[in-house]
Number of protein chains: 2
Amino acid sequence: MGSALSSTAPAPGASDGSSAAATPAFSPLYQQIKALLLHSLQNGEWKPGEPIPSEVELAARFRVSQGTVRKAIDELAADNLLRRRQGKGTFVATHAEQHVSYRFLRLHPDRGNPDADGPAERQILSCQRLRAPADVAVALGLRAGDTAVQVLRVLAFQGRPTILEQIWLPGTPFKGLTLEVLTQDQGPMYALFESQFGLSMVRAEEKIKAVAADPEAAERLGVAPGTPLLSVERIAYTYHDTPMELRRGLYRTDHHHYRNHLS
Amino acid sequence: MGSALSSTAPAPGASDGSSAAATPAFSPLYQQIKALLLHSLQNGEWKPGEPIPSEVELAARFRVSQGTVRKAIDELAADNLLRRRQGKGTFVATHAEQHVSYRFLRLHPDRGNPDADGPAERQILSCQRLRAPADVAVALGLRAGDTAVQVLRVLAFQGRPTILEQIWLPGTPFKGLTLEVLTQDQGPMYALFESQFGLSMVRAEEKIKAVAADPEAAERLGVAPGTPLLSVERIAYTYHDTPMELRRGLYRTDHHHYRNHLS
DNA sequence: CAGTGGTCTAGACCACTGG
DNA sequence: CAGTGGTCTAGACCACTGC
């Protein structure tokens with residue numbers, strides 16, 4: 001960034017040619033606007049599902065042309081942080097009212113359209129506060145010995161248990177997450193994170209392997225021990241690439257497959 | 001599309017407000033430009049790796065402002081069909097000089113940076129022209145009984161056989177693809193498709209499952225029968241979403257993982 | 001230095017939504 | 001109808017590349 005641009009006393013410096021600062025790394029105005037919007041999103045100035053101010057309003061606030069805020073918003077929309085709706089406004093993306101199915105779940109039924117299965121049947125097995133194991137601490141940016149929340153759950157589709165997940169969350173931001181809260185909640189877990197903890201999962205990375213079901217996983221998923229399963233390790237990030245969740249899943253793929261688009 | 005716009009006698013109709021045609025589906029100018037560029041790419045007017053005309057030149061050709069062709073090019077670049085390089089020009093994307101590793105290969109070594117393995121060691125097992133099985137014909141849009149090329153190969157990393165692939169290609173566009181051609185070629189197979197057959201693989205979809213290694217695959221990959229493997233079924237498309245390749249791969253994941261980014 | 005893509009502006013008009 | 005995002009233009013200037 002390295003710019004003096006602020007929301008109270010903005011001084012663009014691109015239209016008047018007075019950019020005196022000898023910034024070695026050139027940063028376009030729209031990138032600075034994007035960063036400001038990002039901070040407003042992170043600060044919760046606009047909450048998931050809510051509209052952000054209109055383009056003209058933002059242009060006035062930042063003393064910038066509409067085209068410039070437009071380009072900033074365009075990039076945020078391309079990253080799925082915002083959602084544009086012509087005639088209505090621009091809204092903060094949310095996991096709550098996602099068009100179809102779960103936004104980060106790439107598992108689809110082999111036959112039928114993506115959500116022919118109907119909603120997943122969820123069963124929380126446990127929710128404990130523990131000292132984070134070393135690998136979990138590293139993944140979540142915690143110090144050794146910091147407390148973390150561990151959740152175990154099973155997702156079933158059409159009565160067939162299909163996904164066994166072990167979820168790790170940093171203890172401090174998720175203070176108050178209990179088995180009761182999880183059990184009583186309907187809808188995607190990430191929507192709960194937004195509404196109850198103000199944490200938006202914005203992107204994620206997954207590492208996938210093929211593994212053999214161990215006896216416990218086999219029983220949870222109703223398959224024979226040794227059955228090949230997809231091992232999906234996901235790290236989910238909030239704004240500004242802060243890791244906020246480590247999720248280890250085992251997926252049955254006898255009636256489902258993991259779908260991916262390459263380009 | 002439903003527009004009268006052509007490369008010889010374009011009639012924008014957006015700046016003069018005289019859009020008399022009662023087109024039910026509105027199509028922005030830049031989308032029409034995008035479609036024209038797409039056709040030029042498909043026709044081979046500009047080949048992979050080559051530069052396309054400059055923005056001002058294209059703006060003149062299409063009788064449109066630079067900003068409009070810019071938006072068209074932006075979308076094609078976002079789809080990885082074009083590659084912009086400031087100060088140099090805009091180039092047709094290619095699998096030949098891909099920055100690092102293979103563009104569609106999502107398998108990464110568990111330790112070390114993405115291409116710490118060095119180049120893959122490739123071994124072609126066979127290359128036959130066969131009548132396409134029903135499922136292959138459906139996937140490639142062939143008629144039952146049409147001929148197809150089947151290629152079997154193994155990829156090894158650091159001496160460890162890791163990927164066993166069965167590749168199906170439509171016989172007509174790939175006339176002349178032989179074991180010799182494949183064996184003598186260096187570099188990514190998709191680069192060969194571009195240079196020898198004028199076919200650019202532009203995007204792909206993959207379906208992933210976990211399976212147990214059958215005896216033959218186990219021997220080819222040097223693992224015990226029953227070892228869990230990733231089954232990756234890929235359909236690759238050329239311009240305009242024409243399916244051109246069906247590729248069934250079995251991946252060892254004892255030292256590698258399939259990586260995916262979600263947003 | 002000329003040529004390329006990249007940024008920014010200002011203004012006009014269009015398409016869509018909802019009161 | 002007013003307000004929103006979406007398109008298009010014209011022109012100025014900037015950053016990067018290579019001769």
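Side chains are part of it too, since the values below use all heavy atoms of this structure and drop only hydrogens, waters and symmetry mates. Chain naming here is simple, since letters A, B, ... match the order of the sequence lines and numbering starts at 1 in each.
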Using only side-chain N and O atoms of A:K88, determine if any of them is under 4.0 Å from OP1 or OP2 of D:dG3.
-> no
Does B:S195 use its side chain to pair, donor to acceptor, with the backbone of B:A191 at less than 3.5 Å?
-> yes
Protein-nucleotide distance (B:E55, atom CD; D:dC14, atom P), rounded to Å = 18 Å
Compute both the distance and the angle, then confirm whether B:R85 meets the cation-pi test with B:F91: under 6.0 Å from the six-membered ring centre, within 45 degrees of the axis.
-> yes
For A:R85 and C:dG18, give me the distance from atom CZ to atom C1', rounded to whole Å.
-> 13 Å
Compare the minimum distances between each of C:dG5, D:dT7, D:dG5 and the side chain of B:Y30, then state the nucleotide with the smallest one.
-> D:dT7
From C:dT7, D:dT7, C:dT4, nucleotide with atom closest to B:S54 side chain = C:dT4
According to the Watson-Crick and G-U wobble definitions, with both distances under 3.5 Å, which nucleotide is paired to C:dG18?
-> D:dC1
Between A:Q32 (CD) and C:dT7 (C1'), how many Å, whole number?
-> 12 Å
Can you check the A:R63 CZ to C:dA10 C1' distance for me, whole Å?
-> 17 Å
Measure from CD on A:E57 to C1' on D:dG3 and round the result to the nearest Å.
-> 12 Å
Within this structure, what is the CD-to-P distance between A:E75 and C:dC8, rounded to whole angstrom?
-> 11 Å
Give a yes/no on whether any side-chain N or O of B:R84 is located under 4.0 angstrom from OP1 or OP2 of C:dG6.
-> yes
Six-ring centre of B:Y237, B:R203 cation under 6.0 angstrom, axis tolerance 45° = yes
Nearest-nucleotide comparison on DNA chain D, the residue closer to the 5′ end among A:Q66 and B:V69 = A:Q66
Relative to each other, are the rings of A:F193 and A:F174 parallel, tilted or perpendicular (30° and 60° limits)?
-> perpendicular
For A:R234 and A:E245, indicate whether the former's side chain and the latter's backbone hold a donor-acceptor pair under 3.5 Å.
-> no
Rounded to whole angstrom units, what separation is found between the CG atom of A:L76 and the P atom of D:dG5?
-> 14 Å
Ranking C:dA15, C:dT9, C:dT4 by distance to the side chain of B:V56, first place goes to C:dT4
Consider the side chain of A:S65, meaning its heavy atoms from C-beta on, and name the nucleotide among C:dG5, D:dT9, C:dC8 that approaches it most closely.
-> C:dC8
Measure from the side chain of B:K71, starting at C-beta and using heavy atoms only, and say which of C:dT9, D:dT7, C:dG5 lies closest.
-> D:dT7
Partner nucleotide of D:dC13 by Watson-Crick or wobble geometry (both distances under 3.5 Å) | C:dG6
Rounded to whole Å, the CZ-P distance (B:F26 to C:dC13) equals 16 Å
For the side chain of A:Q86, counting heavy atoms from C-beta on, which of C:dG6, C:dA15, D:dC8 is nearest?
-> C:dA15
So, is B:R70 close to the C:dG6 phosphate, meaning a side-chain N or O under 4.0 Å from OP1 or OP2?
-> yes
Counting just side-chain N and O atoms, does B:T68 come under 4.0 Å of either OP1 or OP2 of D:dT9?
-> yes
Mind running side-chain hydrogen bond (donor to acceptor under 3.5 Å, both in side chains) on B:D117 and B:H108 for me, showing each step along the way?
-> CA-CA 9 Å; B:D117 277 354; B:H108 295 262; over 6 Å; no
